[in-house]
Amino acid sequence: MRYSEYRQQAILEVLRESERVSVNSLAAQLDVSPESIRRDLRELELRGSARRVYGGAILKPAEGDRPFGERSRVNVREKVKIGESAARLIENGMKIFVGSGTTTLACVKHLSAHRELTIVTNSIAVAAHFFSRSWGTSVRVLGGPMVPEYQATFGHTTLASMAEHRFDIALLGASAVNLEQGFMGYGEDEVVLLNAARTNANRTIVVADSSKFGRFGAVRAFGLGDVHTIVTSGKLADEFVAAFSDANVRLVQA
């Protein structure tokens, strides 16, 4: 067994015990450099054994890999705060694209005081929120095949429908936010739709709870500087705060 394989096995044993590890503690424990540990964590992530987060890794699956119902029960309080803050950025009469996801769903739940909104979405869950509400809101669902684990439509038909619209705001979630790669997702259809919505909007607002920062997704969507506003909760690492500031992206911490 190569020494790197031995290290990775040792890292997995620690992960199984604590479900989370830090680069610095592993480097000290295994008497190697932090960069060696980062390489090990990258390899473990590629093998599907771990998920990298800021400063280390976790054992349990990333939230973006879970079914919609499970994700809706994660970080609920943070998502409520994010939803309240994001709703204050929306003005009456706007046309908004709302992406699929549990954090964007939390946002639309705080739009009851708004009037004459037009909501365009690929999310069945977002559209369903308006079924029993008679606010002055027009809701349009983009067609296409439904992906049950996302409770949303994706694919060529969805993109074709998107092309017909222009938005005041694209309100998007994020499966992962990486300092080097930017905003990332776990599927190509997901990130292609995010990019199309961003391109067709005057402003892009990304809503993401603090657990999403430092993660590494499977597919890059767009860079940190390609959006206008980030709404999040909790304390972000200084590196992210500096990166958003350098890119002139407004950071709203709920």
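Quick caveat, the model's predicted, so the values are computed rather than measured. In this chain, residues are counted from 1 in sequence order.
- In this structure, Ile169 and Ala201 approach most closely via the heavy-atom pair C-CB, 4.0 Å.
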Before giving the answer on side chain to side chain contact (heavy atoms under 4.5 Å, CB included), spell out for Leu117 and Ser138 the whole-Å C-alpha distance, their side-chain angles and the decisive distance to 0.1 Å. CA-CA 6 Å; Leu117 295 178; Ser138 171; over 6 Å; no

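- Using modelled atom types and a 3.5 Å distance limit, the side chains of Ser33 and Ser36 yield a donor-acceptor pair.
- Of the possible polar contacts, none joining the Asp189 side chain to the Phe154 backbone as a donor-acceptor pair under 3.5 Å is found.
- Under the 3.5 Å distance criterion, the side-chain polar atoms of His165 are left unmatched by any main-chain donor or acceptor of Val120.
- Ring geometry for Phe167 against Phe97 counts as tilted: the plane angle lies between 30° and 60°, on a 0 to 90° scale.
- A donor-acceptor contact closer than 3.5 angstrom links the side chains of Asp40 and Gln8.
- The backbone N or O of Glu78 lies less than 3.5 Å from no partner atom in the side chain of Asp209, so there is not a single donor-acceptor pair.
- Among residues two or more places apart in sequence or in another chain, the salt bridge (charged side-chain N to carboxylate O under 4.0 Å, His left out) test is passed with Arg166 by none.
- Residue pairs that meet the salt bridge (charged side-chain N to carboxylate O under 4.0 Å, His left out) test with at least one member in residues 216-225, sequence neighbours left out, do not exist here.
- Of the possible donor and acceptor atoms, one in the side chain of Lys212 sits under 3.5 Å from a partner among the backbone N and O of Ala174.
- Ring geometry for Phe213 versus Phe244: interplanar angle over 60°, hence perpendicular rather than tilted (30 to 60°).
- Between the Ser85 side chain and the Ile82 main chain, no donor and acceptor come within less than 3.5 Å of each other.
- A donor-acceptor contact closer than 3.5 angstrom is absent between the side chains of Thr232 and Gln253.
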